[in-house]
Number of protein chains: 2
Amino acid sequence: MPPTKPRQDREEKRSELVDAARRLFIEDGYDATSMAALARAAGVAANTIYWYFDDKDDVLIAVLDAVLADALADYGSLVGQPLQDQLLWTVQQLQQTRRLVTTVHARIGRSEALNAWHDAFHASTEALLRGQLEQRIDPATIDAEVKIAVFTVEGLLTHELEPHEQRVICEQLAARWPTR
Amino acid sequence: MPPTKPRQDREEKRSELVDAARRLFIEDGYDATSMAALARAAGVAANTIYWYFDDKDDVLIAVLDAVLADALADYGSLVGQPLQDQLLWTVQQLQQTRRLVTTVHARIGRSEALNAWHDAFHASTEALLRGQLEQRIDPATIDAEVKIAVFTVEGLLTHELEPHEQRVICEQLAARWPTR
DNA sequence: ACCTGAACACCGTTCAAGT
DNA sequence: ACCTGAACACCGTTCAAGT
């Protein structure tokens with residue numbers, strides 16, 4: 001028996017579970033998706049999931065990582081675009097994950113692992129945005145500007161506005177960042 | 001038997017339940033507070049709660065109304081203050097309700113009544129802020145500015161920053177609203 | 001009108017037992 | 001190593017029965 005082959009199978013099976021969870025969490029929501037329903041969709045017994053994940057929050061973290069990886073892969077096409085377009089693209093790209101964003105915020109107090117994921121996510125996205133704003137605006141205000149932008153994007157994600165409203169808000173947000 | 005007396009008692013009992021729920025929802029969180037625990041705190045059987053409320057979300061709405069009424073009662077002391085101070089005061093006033101805010105967002109998709117409450121809340125707070133910004137900034141951008149401000153306040157409420165960071169962000173947010 | 005004990009259908013998770 | 005049936009402790013909610 002080769003020692004590497006089972007490892008490979010394990011990762012395959014795990015990602016099948018993540019794919020099923022991703023679809024159900026996004027379509028029906030995290031709370032509305034029972035472990036039993038997830039197991040049914042993946043064709044296993046409910047308790048089998050616990051061989052691959054610590055608990056339901058651990059499944060959620062795996063789904064978040066998968067969604068984020070896809071979003072980052074698509075992000076490459078955006079370099080050099082105006083910042084307001086990048087913001088709007090981000091909002092529309094993550095629009096389908098609306099329910100996931102609110103679920104993360106609601107479960108931060110109940111799952112230490114999810115809390116850590118959320119902190120890391122904010123740290124990396126805020127670093128990305130700070131890099132874009134550097135040498136454009138006053139360094140003394142950059143941290144506050146980054147937070148305002150991130151909170152606004154989160155608000156746009158969680159409040160389901162019309163595309164036109166989203167665009168106007170992104171434009172207005174970027175209006176105070178002079179290009180040079 | 002007087003027909004009005006029972007009415008009075010009913011409202012009293014109901015507000016006792018709301019008081020208990022308010023304390024538990026804020027201290028332990030909505031999900032972590034079971035109907036059994038709430039009933040125990042109020043000294044009734046679990047199913048008695050359903051004589052006063054439709055369901056658990058209906059209890060949440062009553063708690064939200066109570067919190068909001070108290071906040072509005074205290075708001076009077078703020079009239080005439082600079083807008084950035086009003087924003088910071090709002091954030092700190094509602095800081096204790098951090099978990100409630102995320103719970104509302106997470107449960108919007110599951111409770112039609114809560115969704116309606118959330119829509120009404122946004123409508124009234126945004127109208128309030130719009131009134132403050134009128135004749136100060138370009139009418140074409142006022143709706144976007146209001147949304148940015150509301151989303152930033154929500155972000156401040158749900159992300160537990162240090163008071164110093166909160167103040168800087170409120171100042172930076174108000175920096176684009178010229179006084180006249 | 002108000003309150004309750006008991007039950008219902010579910011939930012996430014654990015465990016002993018299999019292969 | 002991987003998977004399962006059965007059980008566990010809990011959940012929000014309902015219902016028949018009391019006063």
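Excluded from the calculations below are hydrogen atoms, water molecules and symmetry mates; all remaining heavy atoms, backbone and side chain alike, are included. Naming convention: chains lettered A, B, ... in sequence-line order (proteins, then strands); numbering from 1 in each chain. These numbers were taken from a predicted model, which means no experiment stands behind them.
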Worksheet item: Where does DNA chain C form stems of at least three consecutive Watson-Crick or G-U wobble pairs, each pair having both distances below 3.5 Å?
Response: C:4-8 with D:12-16, C:12-16 with D:4-8
Item to complete: Round to the nearest Å and state the distance from A:Leu60 atom CG to C:dG12 atom C1'.
Response: 15 Å
Discussion item. Please determine whether a side-chain nitrogen of the Lys or Arg among A:Glu27 and A:Arg99 lies less than 4.0 Å from a carboxylate oxygen of the Asp or Glu.
Written reply: no
Item to complete: Considering just the side-chain nitrogens and oxygens of A:Arg10, establish if one lies under 4.0 Å of OP1 or OP2 belonging to D:dA1.
Response: no
Fill in: SB check A:Arg22 A:Asp70 (cutoff 4.0 Å)
yes
Worksheet item: So how far is it from B:Ile108 CD1 to A:Thr102 OG1, rounded to the nearest 0.5 Å?
Response: 8.0 Å
Worksheet item: Which nucleotide, D:dC3, D:dG12, D:dT4, lies nearest any side-chain atom of A:Lys13?
Response: D:dC3
Review item, nucleotides 13-17 of chain D N/O atoms under 3.5 Å of protein N/O:
unit_1, atom_1, unit_2, atom_2, d
D:dT13, OP2, B:Tyr50, OH, 2.7
D:dT13, OP2, B:Lys56, N, 3.0
D:dT13, O5', B:Tyr50, OH, 3.1
D:dC15, N4, B:Asn47, ND2, 3.4

Worksheet item: Can a donor-acceptor pair be found between the side chains of A:Trp177 and A:Glu145 at a distance below 3.5 Å?
Response: yes
Practice prompt. Let me know the distance between CG of A:Asp31 and P of C:dC11, rounded to the nearest Å.
Written response: 11 Å
Discussion item. Expressed as a whole number of angstroms, how long is the span from A:Arg110:CZ to C:dC11:C1'?
Written reply: 13 Å
Worksheet item: CZ of A:Arg107 versus C1' of C:dG12: gap in Å, rounded?
Response: 10 Å
Worksheet item: Given D:dT4, C:dC2, C:dC3, which nucleotide is nearest the side-chain atoms of B:Tyr52?
Response: C:dC3
Worksheet item: For B:Trp51 and C:dC3, is the shortest distance between a side-chain N/O and OP1 or OP2 below 4.0 Å?
Response: no
Item to complete: Rounded to the nearest angstrom, tell me the gap between atom CZ in B:Arg14 and atom C1' in C:dC3.
Response: 17 Å
Discussion item. Donor-acceptor check, side chain of B:Ser111 to backbone of B:Leu114, threshold 3.5 angstrom: yes or no?
Written reply: yes
Fill in: Shortest non-hydrogen separation from A:Ala71 to A:Leu94 and the atoms involved
CB-CD2, 4.3 Å
Discussion item. Ring centres under 6.0 Å, that's the criterion: do A:Phe151 and B:Phe151 meet it?
Written reply: no
Worksheet item: C:dA1 P sits how many Å from B:Ile49 CD1, rounded?
Response: 21 Å
Discussion item. Under 4.0 Å, heavy atoms only, any strand: does A:Thr48 hit a base, just the sugar-phosphate, or nothing?
Written reply: base
Item to complete: Please name all residues satisfying side-chain hydrogen bond (donor to acceptor under 3.5 Å, both in side chains) with A:Asp143, sequence neighbours left out, ordered by chain then number.
Response: A:Arg130
Discussion item. Expressed as a whole number of angstroms, how long is the span from A:Arg40:CZ to D:dT4:C1'?
Written reply: 16 Å
Worksheet item: How many Å lie between OH on B:Tyr30 and P on D:dG12, as a whole number?
Response: 8 Å
Worksheet item: If you measure from CZ on B:Arg14 to CG on B:Asp9, what distance do you get to the nearest 0.5 Å?
Response: 15.0 Å
